[in-house]
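Each remark here refers to the structure printed beneath this line.
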Number of protein chains: 2
Amino acid sequence: MLASAVRSPRKPRGHGGERRQEILDAALALYAERGVQGVSTREIAAAVGISQPALYGHFRSLNALQVEVCAQAFVDLRRRQAAQVDAEGPTRDSFLRACRTYIDFGLEQPDAYRVAFMLEKPAADPDAHEDKVLAAGLEAFGDFRRRIERLAAAGLTRPGDLTLLTQSIWAGLHGLVSLLIARPDFPWVERETLIARHLEMLADGLLSDGGLSPHR
Amino acid sequence: MLASAVRSPRKPRGHGGERRQEILDAALALYAERGVQGVSTREIAAAVGISQPALYGHFRSLNALQVEVCAQAFVDLRRRQAAQVDAEGPTRDSFLRACRTYIDFGLEQPDAYRVAFMLEKPAADPDAHEDKVLAAGLEAFGDFRRRIERLAAAGLTRPGDLTLLTQSIWAGLHGLVSLLIARPDFPWVERETLIARHLEMLADGLLSDGGLSPHR
DNA sequence: CGCATAACCTATCAGTGATAACTTATCACT
DNA sequence: AGTGATAAGTTATCACTGATAGGTTATGCG
């Protein structure tokens, strides 16, 4: 916002990657403050302490930068989910926790989530967006699917195509996250209650009713 | 896109509202073609046959124009849903059809849907957006809730707070619509299959298992 | 006719993402 | 130490964006 003429000293020869990371960090911080659309290249550059065109030495376009921010957030998400469940077996509760992790991720990093799943893909620069965001999304989706496969192997899921089931559950999760992000001022019921009930519904839709852990 | 210097003749004294409607129609058509973000005020003005600043005699800002486009789409949605179910009683099938109408609306008018539920609300002009979009959204939500109330009055729903149930179902619907809109290139399973299975899941989550019309 | 004003125009603004062309610091190597 | 290749970053500028100021013109009423 303010001019902030403080210039960061030039990076040594091989260390351009550090500047690149500084840019990503600054962008994420600004996005968290004011949203993706409200942040310009000049603001990012000023926050880092370099000139605006210098950004283009590290990223081909603003869109590429946003994609990179989002991709880093995806790494976070996958790491979080992986760390949490690897030790656990495939149970209804562990499934609920995985879903909960997904929802919390979206609510804690709404701008990354927005770039990943809610933003309009620009008409120009048609490759960069799809290549990286879609790839990151596919990896996260793959993790999720593998989790559901383990449930299926344990005989806990309803019959049906696993990809179909996974996509339906994912859509259900995404709906809640994205609505809470996009319309925070809507008169929602108490958030925890809503999330809990929604997750129960999704779990009921996925898992067989075998007396394992009925919630009612 | 092209210059299109064809100017539309000036409207008579009291008929500024016609021009306003022409602008809305042109904007909707352009949005349907190239997406909301990719259309500039100059393009809209050129399509209508007026100068770009003339838009601001009819709308306070571009955002206000987009909001108006979306509000018109909402009127469509409500009319569609109202026309379809008023004659029917509260049954599982009529509920499924209402949900299906919602999904079809989003898929047929993705840009209106995007403005309504997926767009970041701009930091500036903080009133116009919320006032109109939120109001339109609340009305549509109210319709949906009333439908569910009728199901509850007929003793078909699971126990629990109706607002909570409605918001959860709505989130479930929105998730599928918005993901299909935002990520059309994702390797989805066959669309009809996905929609059908998703709706069954949502219906199961809302309606009691009374042997009324079990789908399995 | 006169004239108030709705409807619309031209000119221009600050701000945007992006590119071209230039400068400068750093490092490997003699 | 000096030289040259080049990574890192600069200034100047582009076309375009949404938006505003202020003037112009056609319309319909009295």
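Proteins come first, then strands; the chains are lettered A, B, ... in the order of their sequence lines, and each starts at number 1.
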Quiz item: OP1, OP2 of C:dC8 versus side-chain N and O of B:Arg19: anything below 4.0 Å?
Solution: yes
Quiz item: Taking 4.0 angstrom as the limit, do B:Arg92 and B:Glu200 come out as a salt bridge?
Solution: yes
Quiz item: Taking the six-membered ring for Trp, is the centroid-to-centroid distance between A:Phe141 and A:Trp170 below 6.0 Å?
Solution: yes
Quiz prompt | Residue list, salt bridge (charged side-chain N to carboxylate O under 4.0 Å, His left out) with A:Glu192, at least two apart or on another chain | solution = A:Arg100
Quiz prompt | Value in whole Å for how far the P atom of C:dT19 lies from CG of A:Leu55 | solution = 13 Å
Exercise. For B:Val39, report the nucleic acid contact type (base, sugar-phosphate, nothing); a contact means any heavy atom under 4.0 Å.
Key: sugar-phosphate
Practice problem: Find the distance B:Gln52:CD to C:dC13:C1' and express it as a whole number of Å. | Solution: 12 Å
Quiz prompt | Donor-acceptor under 3.5 Å (A:Glu190 side chain, A:Thr193 main chain) | solution = yes
For residues 171-181 of chain B, dump all side-chain donor-acceptor pairs below 3.5 Å to protein atoms at least two apart in sequence or in another chain.
from     : atom 1 : to       : atom 2 : distance (Å)
B:His174 : ND1    : B:Tyr113 : OH     : 2.8
B:His174 : NE2    : A:Ser178 : OG     : 3.1
B:Ser178 : OG     : A:His174 : NE2    : 3.1
B:Ser178 : OG     : B:His174 : O      : 2.8
B:Ser178 : OG     : B:Gly175 : O      : 3.3

Practice problem: Return the value, rounded to whole Å, for the distance between atom CD of A:Glu43 and atom C1' of C:dT16. | Solution: 11 Å
Practice problem: Whole angstrom is fine here: how far is it from CD in A:Gln37 over to P in C:dT16? | Solution: 13 Å
Exercise. Let me know the distance between CD1 of A:Ile44 and C1' of C:dT16, rounded to the nearest Å.
Key: 12 Å
Exercise. Please determine, by modelled atom types, if A:Asp25 and A:Gln21 share a side-chain donor-acceptor pair under 3.5 angstrom.
Key: yes
Practice problem: Classify the nucleic acid contact of B:Ala54 as base, sugar-phosphate or nothing, counting any heavy atom under 4.0 Å across all strands shown. | Solution: sugar-phosphate
Quiz item: Do you see a donor-acceptor pair shorter than 3.5 Å between the side chains of B:Arg147 and B:Ser94?
Solution: no
Practice problem: On DNA chain D, check which nucleotide each of A:Gly17 and A:Pro53 is closest to and give me the residue with the more 5' one. | Solution: A:Gly17
Practice problem: Grab the CG-C1' distance between A:Leu62 and C:dT19 for me, whole Å please. | Solution: 15 Å
Quiz item: Checking B:Gln167 side chain against A:Val189 main chain: does a donor-acceptor pair fall under 3.5 Å?
Solution: yes
Quiz prompt | Contact interval (first through last nucleotide) of DNA chain D with protein chain A, 4.0 Å heavy-atom | solution = D:dA5 to D:dA12
Quiz prompt | Value in whole Å for how far the P atom of C:dT19 lies from CZ of A:Arg60 | solution = 10 Å
Exercise. Please tell me which of B:Arg42 and B:Arg10 maps to the more 5' nucleotide of DNA chain C, matching each residue to the nucleotide holding its nearest heavy atom.
Key: B:Arg10
Exercise. List for me each residue that meets side chain to side chain contact (heavy atoms under 4.5 Å, CB included) alongside B:Thr101, sequence neighbours excluded, and say none if there are none.
Key: B:Arg80, B:Gln81, B:Gln84
Quiz item: Which ranges of DNA chain C pair up as stems, where a stem means three or more consecutive Watson-Crick or G-U pairs with both distances under 3.5 Å?
Solution: C:1-30 with D:1-30
Exercise. Sorted by first residue and then second, give each salt bridge (charged side-chain N to carboxylate O under 4.0 Å, His left out) pair with at least one member in residues 61-70 of chain A; sequence neighbours left out.
Key: A:Arg20-A:Glu68, A:Glu68-A:Lys132
Practice problem: Kindly say if B:His58 contacts the phosphate of C:dC8, meaning a side-chain N or O under 4.0 Å from OP1 or OP2. | Solution: yes
Quiz item: Please give, in whole Å, the distance from C:dT5 C1' to B:Lys11 NZ?
Solution: 19 Å
Practice problem: Tell me what A:Ser40 touches on the nucleic acid: a base, only sugar-phosphate, or nothing, going by heavy atoms under 4.0 Å. | Solution: sugar-phosphate
